[in-house]
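All values reported here derive from a predicted model rather than from experimental measurement.
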Amino acid sequence: MLDSRALRQDPGGVAAALARRGFRFDTEAFVGLEEARKALQVESEALRAERNRFSRQIGESKARGEDASEAMAAVSAAGEQMKLLEAKLAGVQEQLNALLWDLPNLPHESVPEGDSEADNTEIRRWGVIPDFKSPRDHVALGEALGQMDFEAAARISGARFVVLRGQLARLQRALTQFMLDIHTGEHGYTEVYVPDLVGPEALFGTGQLPKFEDDLFRARLDPPLYLIPTAEVPVTNLVRDRILEAEDLPLRMVAHTPCFRSEAGSHGKDTRGMIRQHQFEKVEMVQIRRPEESYPALEELTGHAESILQRLELPYRVVALCGGDLGNSAAKTYDLEVWLPGQASYREISSCSNFEAYQARRLGARWRNPDSGRPEPLHTLNGSGLAVGRTLVAVIENYQEPDGSIRIPEALRPRMGGLERIGAPA
RNA sequence: GGAGAGGUGGCCGAGCGGUUGAAGGCGCACGCCUGGAAAGUGUGUAUACGUUAAUAGCGUAUCGAGGGUUCGAAUCCCUCCCUCUCCGCCA
């Protein structure tokens with residue numbers, strides 16, 4: 001959600017900024033609604049103030065045992081009119097909210113121009129792309145090992161699920177623990193365990209609702225409950241409706257959760273393998289920051305995600321998303337793309353974003369700024385550190401041997417009981 | 001799942017349907033007192049929106065959420081959510 005004050009003061013400027021991400025903001029509709037809102041609000045508040053005055057008089061008169069029928073009639077009349085006005089106001093407010101909630105975040109000035117993935121800017125590359133004569137992808141490798149089973153998963157749950165067995169299952173667990181231990185032990189994050197099912201308010205806060213309901217799995221209808229698409233939702237919502245003190249900041253939290261995505265609208269995309277699943281594991285970093293610190297924090301957080309790839313010795317590049325490719329709530333995003341020999345391309349393995357105050361406003365996440373003495377919206381950031389399923393894919397493909405075995409990255413061996421490779425040749 | 005109790009300000013805790021944004025206490029802030037501190041004492045201490053140059057005033061809203069009764073609801077009624085206790089079940 002954008003700052004409604006800024007929106008009122010400079011709708012044209014906001015529209016121009018939103019145009020950078022390919023979003024058309026109907027300023028005329030907004031200004032019209034806003035004017036109607038203001039008029040109705042002022043009028044109905046004045047009326048209510050008058051009614052309150054009369055009500056007080058009634059109380060006083062009755063306390064003295066006097067007749068109050070005149071004032072009661074006045075209040076009654078005001079009440080009728082108020083009902084009308086307030087119904088109108090509620091209608092306008094609803095339209096205004098729908099418009100407001102639908103607006104994406106303003107891109108940061110450093111975000112590259114462009115309207116698609118093709119316009120993203122590569123910031124840096126790390127690592128050496130392995131030179132395989134005939135690389136196999138993780139599906140071929142995993143299935144040959146007998147440890148990756150899409151058919152079994154399909155029998156249980158349909159498409160876009162996987163069953164891992166034995167050392168591959170363990171490798172995924174090792175990756176998870178490895179990531180968590182580094183973020184908590186070296187990067188200053190506090191590990192949190194959070195619900196995997198969340199209510200609609202939580203999803204509204206981080207921006208998934210109301211716009212992106214189709215991407216979610218709903219687990220219960222009555223009091224609605226959704227499976228989380230990312231730990232960002234429950235973890236960021238930890239500060240919902242809170243006013244933090246300056247000394248509480250910054251907050252750095254990390255959580256490992258499964259993530260559930262319906263992948264509506266991506267039929268036929270990445271249908272092979274573990275790249276795009278309905279369910280996957282992810283380690284997620286979340287930071288809650290004072291506004292002036294959020295951009296340095298984005299660099300820091302991105303570095304934390306990169307450090308995992310470096311320790312696993314996986315080649316990757318960092319890409320700054322252009323305006324058109326930016327997620328709805330983000331002001332700026334770096335994607336980390338890992339090299340996948342099976343596809344001979346870089347694929348997203350982490351997305352690190354600064355949401356500035358966009359989520360914080362929806363969440364009511366504030367801090368007491370000592371300079372102003374007032375509660376002000378915080379800045380929220382998050383980034384995958386990393387998507388575990390895709391990391392497993394990257395390890396399998398980058399560490400493959402001609403005989404179909406998988407070497408285990410040095411950094412993971414202690415967590416694999418010293419194992420050096422999976423599927424050693426007979 | 002069954003039975004019961006309860007949800008009020010940062011916390012605890014009052015609150016007859018009427019002038020209650022809400023007594024009192026704790027905590028916190030500032031001042032007085034003190035050689036310094038403690039104790040004591042005084043004052044202040046929610047948030048959002050609107051109006052405004054204003055983080056000054058004024059207005060409106062908010063006592064779990066939503067709806068209803070009423071001239072008027074923290075107080076009465078209904079629905080839902082949550083917490084606690086006991087029983088049952090259960091990882």
Discussion item. Would you say that more than 12 heavy atoms from the other residues, nucleotides or ligands in this model lie under 6.0 Å from the CZ of A:R240, or not?
Written reply: yes
Worksheet item: Looking for any heavy atom pair under 4.0 Å, which part of the strands does A:R8 touch: base, sugar-phosphate only, or nothing?
Response: sugar-phosphate
Discussion item. What is the separation between atom CD on A:Q93 and atom C1' on B:C49, rounded to the nearest whole Å?
Written reply: 9 Å
Worksheet entry | A:K38 side-chain N/O to B:C49 phosphate OP1/OP2 under 4.0 Å | no
Discussion item. Could you tell me the Watson-Crick or G-U partner of B:C76, where both distances fall under 3.5 Å? Say none if there is no partner.
Written reply: B:G68
Discussion item. Suppose you measure atom P in B:U70 against the same atom in B:C77; what distance do you get, rounded to whole Å?
Written reply: 16 Å
Worksheet item: Ion pair present between A:E86 and A:R48, side-chain N to carboxylate O less than 4.0 angstrom?
Response: yes
Worksheet item: More than 12 non-hydrogen atoms from neighbouring residues, nucleotides or ligands closer than 6.0 Å to CZ on A:R5, yes or no?
Response: no
Discussion item. What is the separation between atom CE on A:M82 and atom P on B:U60, rounded to the nearest whole Å?
Written reply: 11 Å
Worksheet, complete the sentence: When both distances are under 3.5 Å in a Watson-Crick or G-U wobble arrangement, the nucleotide paired with B:G21 is none
Worksheet item: Is any side-chain N of the basic residue among A:R415 and A:D181 closer than 4.0 Å to the acidic one's carboxylate O?
Response: yes
Discussion item. From CD of A:E43 over to C1' of B:U51, roughly how many Å is that when rounded to an integer?
Written reply: 15 Å
Discussion item. For the C1' atoms, the ones on B:G59 and on B:U52, what distance do you get once it is rounded to whole angstrom?
Written reply: 12 Å
Worksheet entry | Pairwise C1' distance for B:G4 and B:U45, with rounding to whole Å | 39 Å
Worksheet, complete the sentence: The residue, A:R56 or A:E34, whose nearest nucleotide of RNA chain B is more 5′ is A:R56
Practice prompt. Figure out the NZ/C1' separation between A:K83 and B:C71, and round it to whole Å.
Written response: 11 Å
Discussion item. With a 3.5 Å limit on both atom pairs, tell me what B:A14 is paired to, counting Watson-Crick and G-U wobble, or say none.
Written reply: none
Discussion item. Let's test this: given Watson-Crick or G-U wobble pairing with both distances under 3.5 Å, identify the partner of B:U52.
Written reply: none
Practice prompt. Rounded to the nearest angstrom, tell me the gap between atom CZ in A:R37 and atom C1' in B:U51.
Written response: 11 Å
Worksheet item: Counting side-chain heavy atoms from C-beta on, which of B:U52, B:A48, B:G72 comes nearest to A:R374?
Response: B:A48
Practice prompt. Tell me which nucleotide among B:U47, B:C49, B:A61 gets nearest to the side chain of A:R366.
Written response: B:U47
Discussion item. Please give the distance between the P atoms of B:U79 and B:A61 as a whole number of Å.
Written reply: 28 Å
Worksheet item: Using atom C1' of each nucleotide, how far apart are B:G10 and B:A29 to the nearest Å?
Response: 13 Å
Worksheet item: Considering only the C1' atoms, how many Å lie between B:G57 and B:G40, rounded to the nearest integer?
Response: 35 Å
Item to complete: Ignoring backbone atoms, test whether A:R51 places a side-chain nitrogen or oxygen under 4.0 Å from the OP1 or OP2 oxygen of B:U60.
Response: no
Worksheet item: Paired with B:C86 by Watson-Crick or G-U wobble geometry, both distances under 3.5 Å: which nucleotide is it?
Response: B:G2
Fill in: Nucleotide nearest A:R48 (side chain, heavy atoms from C-beta), chosen from B:C81, B:U60, B:G18
B:U60
Discussion item. Please report the distance separating the P of B:C86 from the corresponding atom of B:G9, rounded so that it comes out in whole Å.
Written reply: 26 Å
Worksheet item: Taking a pair as Watson-Crick or G-U wobble with both distances under 3.5 Å, which nucleotide is matched to B:U62?
Response: B:A46
Worksheet item: Hey, does A:R368 reach any base, or is it just sugar-phosphate, or nothing, if we go heavy atoms under 4.0 Å?
Response: sugar-phosphate
Worksheet item: Which part of the nucleic acid does A:R361 contact within heavy-atom distance under 4.0 Å: base, sugar-phosphate only, or nothing?
Response: nothing
Worksheet, complete the sentence: The answer to which of A:A49 and A:D222 contacts RNA chain B further toward the 5' end, by nearest nucleotide, is A:A49
Worksheet entry | Contact under 4.0 Å: A:N52 side-chain N or O vs B:G18 OP1/OP2 | no
Practice prompt. Determine which nucleotide pairs with B:G40, using a 3.5 Å limit on both distances of a Watson-Crick or G-U wobble pair.
Written response: B:C32
Discussion item. Does A:Q41 contact B:G50 through a side-chain donor or acceptor facing the base, at a distance under 3.5 Å?
Written reply: no
Discussion item. Between C1' on B:C82 and CG on A:L225, what's the gap in Å once rounded to a whole number?
Written reply: 14 Å
Practice prompt. Starting from P on B:A65, measure out to CZ on A:R240 and report it in whole angstrom.
Written response: 14 Å
Worksheet item: So which heavy atom on A:P229 is nearest to which on A:F280, and how close?
Response: O-CZ, 4.4 Å
Worksheet entry | Between A:S405 and A:R421: side-chain donor-acceptor atoms closer than 3.5 Å | yes
Discussion item. Just checking A:E292: does its CD atom have more than 12 heavy atoms from other residues, nucleotides or ligands closer to it than 6.0 angstrom?
Written reply: yes
Worksheet item: So what does A:S372 touch, heavy atoms closer than 4.0 Å: a base, only the sugar-phosphate, or nothing?
Response: nothing
Item to complete: Please determine if A:D137 and A:R272 form a salt bridge, counting it only when a charged side-chain N lies under 4.0 Å from a carboxylate O.
Response: yes
Discussion item. Rounded to whole Å, please give me the gap between CH2 in A:W367 and C1' in B:U55.
Written reply: 15 Å
Worksheet entry | Pairwise C1' distance, B:U8 and B:U20 [rounded to whole Å] | 12 Å
